[in-house]
Amino acid sequence: MPGGSGMARPKSGIHAMNLFTDIRAAVLAALDQLVAAGELPKGLDMTNVAVEPPRDPAHGDMATNAAMVLAKPAGKAPRAIAEALADRLREDDRIATAEVAGPGFLNMRLVPGLWHDVVRAALAQGRDFGRSTIGQGTRVNVEFVSANPTGPMHVGHTRGAVFGDALASLLDFAGYDVTREYYINDAGAQVDVLARSAYERYREAHGLEPQISEGLYPGDYLIPVGEALKQEYGDSLLDKPESEWLSVVRDFAMGRMMQMIREDLASLGVKMDVYSSERAITEAGRVEEALETLRGMGLIYEGVLEPPKGKMPEDWEPREQTLFRSTAFGDDMDRPVKKSDGSWTYFAPDIAYHWDKVQRGFDQLINVFGADHGGYVKRLKAVVQALTNGRVPLDIKLIQLVKLYKNGEPFKMSKRAGTFVTLRDVVEQVGPDVTRFVMLTRKNDVALDFDFDKVLEQSKDNPVFYVQYAHARVCSVLRKAAEAGIPADDTALAGADLSILTHEAELELARKIAEWPRIVEIAARGHEPHRIAFYLNELAAELHGLWNRGNDDAALRFIQDDKEVSRAKIALARAAGVVISAGLGILGVTPAEEMR
RNA sequence: GGCCCCGUAGCUCAGAGGAUAGAGCGACCGCCUCCUAAGCGGUAGGUCACAGGUUCGAAUCCUGUCGGGGCCGCCA
């Protein structure tokens, strides 16, 4: 890292990626000068100095709060600091004006050439424009979906799948080394239930009456599994005791389920890097290993839990169990790792799995869970904190439920009534692009309304089409340009004389494009892919707005008689198109080239 | 009883501690001889649930209250 002082900074131009961090660096450098000149005391904490777009564009292109943040520690009036800072910054050839406003804001207007540089950078770098290095190659594991291999995935899984995949792409774009991972719960009692259910379908395939008793999975999706079992094993399993067929049928059925899940994920465009098996981890002795590690830290003990407050379970009685001291890390109570009969609780393999993940060398862990697993957050964070001495952060993103609607009416799901909506149903009905975009237009921790009819509506009500349409319009301009004999490939456009772009409406679009690298970093830092979707909506609005200005004012149309002028304006449109394409790429949505 | 999430325009929702809190829908008024009107411009609409606190500054952070949802020893 450069520890230099003064105004050392990268030349503005193609290389400039995030103008906001560039200007922030200039502000910090100017502050250093003030310190050197004795106008500010040494040793000020600059971490809260921010450079942001002002709320009101009339205030300028960028604003800094530096003077207000530093006023108190520096013992000077904010406006005095701001004035001194403004004097220094005016010497920067990128900054056209610097004015003090309000309680001590410093509003800056940048020279138009910077916006032209941004457009040029977008054209030169294409879909890589906006890539960030904030991740610094940090190895991050994103675990998501992890649906039990006992049946088809439903809409809730769909949202988790889309969120996790988009988050992974976002982190990759921001310079992290990302692993997409799926944890297969293939060791618990529920896969034995799957086996018994499949066995009944196997009997059915032989013409026998299936006995789907209470507690077995009644779904039709196991009928073909029964058929396949018959194909594979004939009648050889028919008259055997359960102890002989259970593991065979279990592995067979689970294989089928995982195949189905992989296909479903593929239909959404989700591809995992790693599938981790609970069974494999357990059989490799990772549970004992992890618990021994914790025991060595004095975090495992034999004890009796307090009875739960409030509603008391009927059969509660104090029992000695093996417990994990998660209260040492802020959990509400210590958590059992062994049942009273000596077998593991569900929590134990979870500890082993997270132990396994940190052993594999990840620097950061992210788990994407359904909101109903909120109760597990504290204990899992406790585990990872304990096992890594707090070195590896674990972020758990809880995905709120999806409320289904059909034509504005709530759509009740019921397995029994056959109105259970699966991931496959959704993707087949509305397609992967719409599914993904809509699922990302809400923050992960608020419930999402998903109306089968509205999401297919081709109107401005529908953000997918709004953004797609903006991209299609850019493509349309490029096609028209080609027809008009204007060279409009990216290298030709990159050579355009962008200084022609002086109209405020054009610069506004360029400014929005300049925000892209900043949005990427904010979204990546917060693990919030929805910010990408909202930004794309704003960018599309700027593009549509400029487009329509062309209706009133022919000088603002992209295609002009003068080919040089045309080239510059098309370059601007193309730059917007490139960013939309990159943003949709992160969300896993294909940019439409044409919409008719 | 405890823990987690949510509460912002009529509706659906954005909003890294910053200035006069934004967008879409719905309502009202306008814009196609013209690169795609699946679009655009304008008007109207607010006690950011409530009460305290932290500080130059709070929708944002802290505490409490109210309202909605989720979870709560050995199930997975």
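We name chains A, B, ... by the order of the sequence lines, and we start the count at 1 in each one.
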Name all residues meeting the side chain to side chain contact (heavy atoms under 4.5 Å, CB included) criterion together with A/Arg442; count only those two or more places apart in sequence or in a different chain, and write none if there are none.
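Only A/Arg159, A/Val446, A/Leu448 meet the side chain to side chain contact (heavy atoms under 4.5 Å, CB included) criterion with A/Arg442.
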Taking the C1' atom in each of B/A59 and B/G22, what is the distance between them to the nearest angstrom?
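Their C1' atoms lie roughly 12 Å apart.
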C1' gap between B/C11 and B/G70, integer Å:
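It comes out at 24 Å once rounded to the nearest Å.
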Could you check how far [atom1] of [X] sits from [atom2] of [N], rounded to whole Å?
X        : N     : atom1 : atom2 : result
A/Arg79  : B/G57 : CZ    : P     : 17 Å
A/Leu536 : B/A23 : CG    : P     : 19 Å
A/Gln400 : B/C71 : CD    : C1'   : 11 Å
A/Asp553 : B/G41 : CG    : C1'   : 14 Å
A/Lys454 : B/C25 : NZ    : C1'   : 8 Å
A/Glu508 : B/C40 : CD    : P     : 14 Å
A/Asp445 : B/G7  : CG    : C1'   : 13 Å
A/Leu401 : B/G69 : CG    : C1'   : 8 Å

Close N/O contacts between protein and nucleotides 28-31 of chain B (under 3.5 Å):
none

Name the nucleic acid region contacted by A/Glu594, choosing base, sugar-phosphate or nothing; use a 4.0 angstrom heavy-atom cut-off, strictly under.
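If one applies the 4.0 Å heavy-atom cut-off, A/Glu594 turns out to touch a base.
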How would you label the contact of A/Tyr346 with the nucleic acid (heavy atoms, under 4.0 Å): base, sugar-phosphate, or nothing?
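Since a base atom lies under 4.0 Å of A/Tyr346, the category is base.
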Base-pairing string, 5' to 3', of RNA chain B - Watson-Crick or wobble, under 3.5 Å, | interstrand
(((((((..((((....[...)))).(((((.......))))).....(((((..]....))))))))))))....
Start at the 5' end of RNA chain B and walk down; is the nucleotide closest to A/Ala371 or to A/Val304 reached first?
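Nearer the 5' end of the strand: A/Ala371.
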Near RNA chain B, which residues from residues 472-482 of chain A have a heavy atom under 4.0 Å away?
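Residues of residues 472-482 of chain A under 4.0 Å from RNA chain B: A/Ala472, A/Arg473, A/Ser476, A/Lys480.
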Listing, residues 336-343 of chain A side-chain donor-acceptor contacts under 3.5 Å, not counting sequence neighbours, or none:
| unit_1 | atom_1 | unit_2 | atom_2 | d |
| --- | --- | --- | --- | --- |
| A/Asp341 | OD1 | A/Ser343 | N | 2.9 |
| A/Asp341 | OD1 | A/Ser343 | OG | 2.8 |

Lys/Arg-Asp/Glu bridge criterion (N-O < 4.0 Å) met for A/Lys406, A/Asp451
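No, this pair does not count.
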Output yes when A/Glu538 and A/Lys512 qualify as a salt bridge under the 4.0 Å nitrogen-oxygen rule, no when they do not.
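Here A/Glu538 pairs with A/Lys512 in a salt bridge, since their nearest N and O are under 4.0 Å apart.
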Less than 6.0 angstrom separating the ring centers of A/Phe450 and A/Tyr405, yes or no?
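A/Phe450 vs A/Tyr405: aromatic centres not under 6.0 Å.
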Would you please confirm or rule out a distance under 4.0 Å between OP1 or OP2 of B/G69 and any side-chain N or O of A/Lys403?
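A/Lys403 to B/G69 OP1/OP2: no side-chain N or O under 4.0 Å.
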Quick tally for nucleotides 15-22 of chain B: nucleotides whose base has a protein heavy atom under 4.0 Å get B, sugar-phosphate-only ones S, the rest -, giving SB-BB-SS
